[in-house]
Asker: 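Once you've had a glance at the structure underneath, I'll fire off some questions.
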Amino acid sequence: MRIHLPLRYPYSFAHTTKRLKSFEKSIYVYREGAFWRTIRGRKGPLLLSVAEDSERPGLIAEIFGEADPEEEEELKGRIAHMFGTDVDLTPFYEQMRQDPVLWPVIEQRIGMHLVLDASLYECLVKTIISQQLNLSFAGTLIERFIQLAGDTGQFAGETWKVFPAAEQVACLRYEDLRHLQFNQRKAEYIIDLSRLIAEGKLDLETLTGLPDDEVMKKLTALRGIGRWTAECLLMFGLRRPDLLPAADIGLRNAVGRLYGLPARPDESEVRRIGEKWAPYRSYATFYLWDTLG
DNA sequence: GGCCAGGCTAGCA
DNA sequence: TGCTAGCATGGC
C-alpha cells in the first residue's frame, strides 16, 4: 500500500527525522533516506516506511504486511498525525522572530516538525522509562523492554520487533523488568499501568478530546505519572502546542546555556522566560531540547 | 570515585 | 501544603 501525503510548508524531512536517528534500535531504522518502523494495524503488525516523494511535493508512505484495504484512510490519518504533515509552523516562526536569543536556534532548524510515537501507550511507557535517567541509558532500557515484551512481524523475509501492546506487558511480573535493570517502582508503574489498560479500566484514547488541564489531572492521578510525564504525553503523544515542562533538567540546561545565565535556572525562571513563547511553548521546548544534541 | 541524569512517591513536619 | 530521602544504574 502506497500513500501520498501532502505537506504544509515549511517542512524539512531531514530536520524532522534527524532526531529519530538517535533512537535507532529494533523498531526505528533510518536507511536510504527513508524512516522505517513497525506499527499496529487492525489485523496485526505492519511495517511502515516514510520518505520524501521524489515525484511531487510531499511524503510517500509505504505499508508492508497484512493491511485491511478499508484501513487505508485510517492509516493515512495516523501517519499524517505522526509526522505533523498538516501542522503550520508559520505563526510560531513569526512570533519567535521577536525573541533575539531563541530565533537563531530556530532559524537553523526551519521546517523541523515533531514525529509522534505510534500510540499514546507507547509514548507514555517510554516517558516513564525515561524518568530521571540519562537518555543513553533510557534508550537501552526501552530497547530491552521491547525485546522482552514486544512481538515480532515478518516483512519481506525480515524479522522486525513491534512495540508491545498493554495486554502483553500486563502479563509480565515485576521481576521480569527488574532483570532488565529497571528499579522496583518503575517496574510497578509500567506493569500496573498496562494492567489498567488491559482490564479496560483506563482508555488513553479518551484523552484526545480533553483540554490540557483535564488530561494533566487524569494522568497525574495515576501512580508513576507526575507533572513532567503528563506534559511529555501532551506534547509528544497528543501534539498539544503550548506546554512548558519548566522543571525538566534538560530544558533548564538549554535555557541557561542559550541565555547566558550564570547558573542553571530554576523552574520559575524558565517559566518566566518562556511566557513570551505562548501559545507555542511546546515548539519552543522542542527546539531548545534539540540544541542539547 | 563522585555527581548527575529530559522524576516520582512516600513519609514527615 | 511543602520539603526531602531514596530509588538503580550508566555516563562522564
Side-chain angles (χ1 to χ4, degrees), chain A residues 18-25 28 102 105 109 112 114-117 120 122-145 147-148 172-196 202 215-240 242-259 261 263-271 273-274 277 281-293:
Chain A
K18 175 186 62 184
R19 200 175 100 89
L20 302 172
K21 291 177 190 169
S22 59
F23 300 148
E24 266 193 80
K25 290 279 166 57
Y28 286 100
L102 193 48
V105 166
R109 297 166 172 79
M112 182 174 79
L114 173 64
V115 178
L116 303 184
D117 285 314
L120 292 177
E122 178 180 328
C123 180
L124 195 50
V125 169
K126 284 179 177 173
T127 306
I128 293 172
I129 293 175
S130 302
Q131 289 169 357
Q132 181 57 21
L133 297 177
N134 64 73
L135 290 183
S136 167
F137 183 46
T140 302
L141 291 185
I142 290 168
E143 177 64 15
R144 287 179 188 161
F145 175 78
Q147 292 295 339
L148 174 77
L172 298 179
R173 300 163 302 171
Y174 301 139
E175 60 212 73
D176 295 328
L177 295 186
R178 292 299 308 264
H179 290 151
L180 308 184
Q181 293 179 295
F182 284 57
N183 67 34
Q184 176 66 26
R185 287 200 303 215
K186 204 169 276 193
E188 291 171 10
Y189 299 161
I190 290 166
I191 290 176
D192 291 349
L193 172 77
S194 302
R195 288 178 180 164
L196 279 179
L202 173 66
V215 175
M216 292 285 299
K217 204 183 294 178
K218 279 197 186 275
L219 286 176
T220 54
L222 301 169
R223 186 165 176 267
I225 300 179
R227 181 171 184 176
W228 178 85
T229 305
E231 285 170 334
C232 284
L233 188 85
L234 280 158
M235 294 174 62
F236 294 124
L238 293 166
R239 202 184 281 288
R240 299 290 170 89
D242 197 25
L243 277 296
L244 185 70
D248 175 85
I249 197 76
L251 182 61
R252 290 169 56 205
N253 285 335
V255 168
R257 198 185 303 172
L258 192 64
Y259 285 78
L261 305 179
R264 183 160 67 198
D266 63 12
E267 178 176 352
S268 62
E269 177 76 356
V270 171
R271 219 169 276 292
I273 292 173
W277 306 329
R281 282 174 283 199
S282 299
Y283 296 112
T285 299
F286 179 47
Y287 279 65
L288 278 162
W289 268 338
D290 195 58
T291 67
L292 298 170

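Letters A, B, ... mirror the listed sequences (proteins, then strands); counts begin at 1. What's counted below: heavy atoms across the whole structure, side chains too, no hydrogens, waters or symmetry copies.
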Asker: With distance as the sole test, does A:Ser282 use its side chain to make a donor-acceptor pair with the main-chain N or O of A:Met235 at under 3.5 Å?
Answerer: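 No; zero donor-acceptor contacts below 3.5 Å.
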
Asker: With the threshold set at under 4.0 Å for non-hydrogen atoms, list the residues of residues 126-137 of chain A touching DNA chain B in residue-number order.
Answerer: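 Listed by number, they are A:Gln131, A:Gln132, A:Leu133, A:Asn134, A:Leu135.
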
Asker: Test of understanding: with side-chain contact (heavy atoms from CB on, under 4.5 Å), list the residues that count as partners of A:Ala254, not counting sequence neighbours.
Answerer: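 A:Leu288, A:Thr291, A:Leu292.
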
Asker: Once salt bridge (charged side-chain N to carboxylate O under 4.0 Å, His left out) is applied, do any residues pair with A:Glu269, and if so which ones, sequence neighbours excluded?
Answerer: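 Result, salt bridge (charged side-chain N to carboxylate O under 4.0 Å, His left out) vs A:Glu269: A:Arg272.
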
Asker: With a 4.0 Å cut-off on heavy atoms, is A:Arg19 in touch with a base, just the backbone sugar-phosphate, or nothing at all?
Answerer: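 Base: the residue A:Arg19, judged by heavy atoms under 4.0 Å, touches a nucleobase.
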
Asker: Expressed in whole Å, how much space separates the P atoms belonging to C:dA8 and B:dA10?
Answerer: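 So the two P atoms sit 13 Å from each other.
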
Asker: Mind checking what makes salt bridge (charged side-chain N to carboxylate O under 4.0 Å, His left out) contact with A:Asp176, not counting sequence neighbours?
Answerer: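 For A:Asp176 the salt bridge (charged side-chain N to carboxylate O under 4.0 Å, His left out) partners, ignoring immediate neighbours, are A:Arg173.
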
Asker: Using the heavy-atom set of chain A and a strict 4.0 Å cut-off, write down the first and last nucleotide of DNA chain B that makes it in, 5' to 3'.
Answerer: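 With heavy atoms of chain A under 4.0 Å away, the range is B:dA5 to B:dA10.
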
Asker: Between C:dC3 and B:dG6, how many Å separate the two P atoms, rounded to a whole number?
Answerer: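 Roughly 24 Å separates the two P atoms.
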
Asker: For the residue pair A:Arg19 and A:Tyr28, would you count it as a cation-pi contact if the rule is NZ or CZ under 6.0 angstrom from the ring centre and within 45 degrees of the ring axis?
Answerer: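 Negative - A:Arg19 is either too far from the ring of A:Tyr28 or too far off its axis.
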
Asker: A:Thr127 versus A:Phe236: any side-chain heavy-atom pair under 4.5 Å?
Answerer: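 With C-beta onward as the side chain, the pair stays apart.
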
Asker: Can you list, in residue-number order, the parts of residues 224-238 of chain A that come under 4.0 Å of DNA chain B, counting heavy atoms only?
Answerer: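 Listed by number, they are A:Gly224, A:Ile225, A:Gly226, A:Arg227, A:Trp228, A:Thr229, A:Phe236.
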
Asker: Let me know the distance between CD1 of A:Ile142 and P of C:dG10, rounded to the nearest Å.
Answerer: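 After rounding, the reported distance stands at 16 Å.
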
Asker: Would you say A:Lys18 and A:Asp290 make side-chain contact, with heavy atoms under 4.5 Å?
Answerer: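 Yes, close enough: below the 4.5 Å cut-off.
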
Asker: For the pair A:Arg239 (side chain) and A:Leu114 (backbone), establish whether a donor and an acceptor sit closer than 3.5 Å, ignoring hydrogens and angles.
Answerer: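 Judged by distance alone, yes, a pair lies under 3.5 Å.
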
Asker: Given Watson-Crick or G-U pairs with both distances under 3.5 Å, what dot-bracket string fits DNA chain C, with | for other-strand pairs and [ ] for crossing?
Answerer: |||||||.||||

Asker: Are A:Cys123 and A:Leu116 close enough that some pair of their side-chain heavy atoms sits under 4.5 Å apart?
Answerer: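 Counting from C-beta outward, A:Cys123 and A:Leu116 never come under 4.5 Å.
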
Asker: Let's see if you get this right: which residues in residues 176-192 of chain A place a heavy atom under 4.0 Å from DNA chain B?
Answerer: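 A:Arg185, A:Tyr189, in order of number.
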
Asker: According to the side chain to side chain donor-acceptor pair (under 3.5 Å) rule, which pairs have a member within residues 242-259 of chain A, sequence neighbours left out?
Answerer: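 Applying side chain to side chain donor-acceptor pair (under 3.5 Å) to every pair that reaches into residues 242-259 of chain A, excluding sequence neighbours, yields A:Asp99-A:Tyr259, A:Trp228-A:Asp248, A:Asp242-A:Arg281, A:Asp248-A:Trp289, A:Asn253-A:Arg264.
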
Asker: Using the ring-ring contact (aromatic ring centres under 6.0 Å, His included) criterion, which residues pair with A:Phe286? Sequence neighbours excluded.
Answerer: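 So A:Phe286 forms no ring-ring contact (aromatic ring centres under 6.0 Å, His included) with any residue.
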
Asker: Do A:Asp192 and A:Leu196 touch side chain to side chain, with heavy atoms closer than 4.5 Å?
Answerer: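 A side-chain contact under 4.5 Å is absent here.
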
Asker: Looking at every non-hydrogen atom in both residues, tell me the closest pair between A:Leu180 and A:Arg144 and how far apart they are.
Answerer: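 That would be O-NH1, 3.0 Å.
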
Asker: Checking all strands, does A:Arg223 fall into the base, sugar-phosphate, or nothing category for heavy-atom contacts under 4.0 angstrom?
Answerer: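 If one applies the 4.0 Å heavy-atom cut-off, A:Arg223 turns out to touch the sugar-phosphate alone, with no base involved.
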
Asker: Donor-acceptor pair, A:Arg109 side chain versus A:Val105 backbone, under 3.5 Å?
Answerer: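 Yes: the side chain of A:Arg109 pairs with the backbone of A:Val105.
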
Asker: Hey, could you give me each pair passing side chain to side chain donor-acceptor pair (under 3.5 Å) that has a residue in residues 128-141 of chain A? Not counting sequence neighbours.
Answerer: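 Qualifying pairs, neighbours excluded: A:Gln131-A:Thr229.
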
Asker: Quote, to the nearest angstrom, the P distance that separates C:dG10 from B:dC8.
Answerer: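 Rounded to whole Å, the distance is 22 Å.
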
Asker: With sequence neighbours left out, what residues match A:Lys218 under salt bridge (charged side-chain N to carboxylate O under 4.0 Å, His left out)?
Answerer: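 Partners of A:Lys218 under the salt bridge (charged side-chain N to carboxylate O under 4.0 Å, His left out) test: none.
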
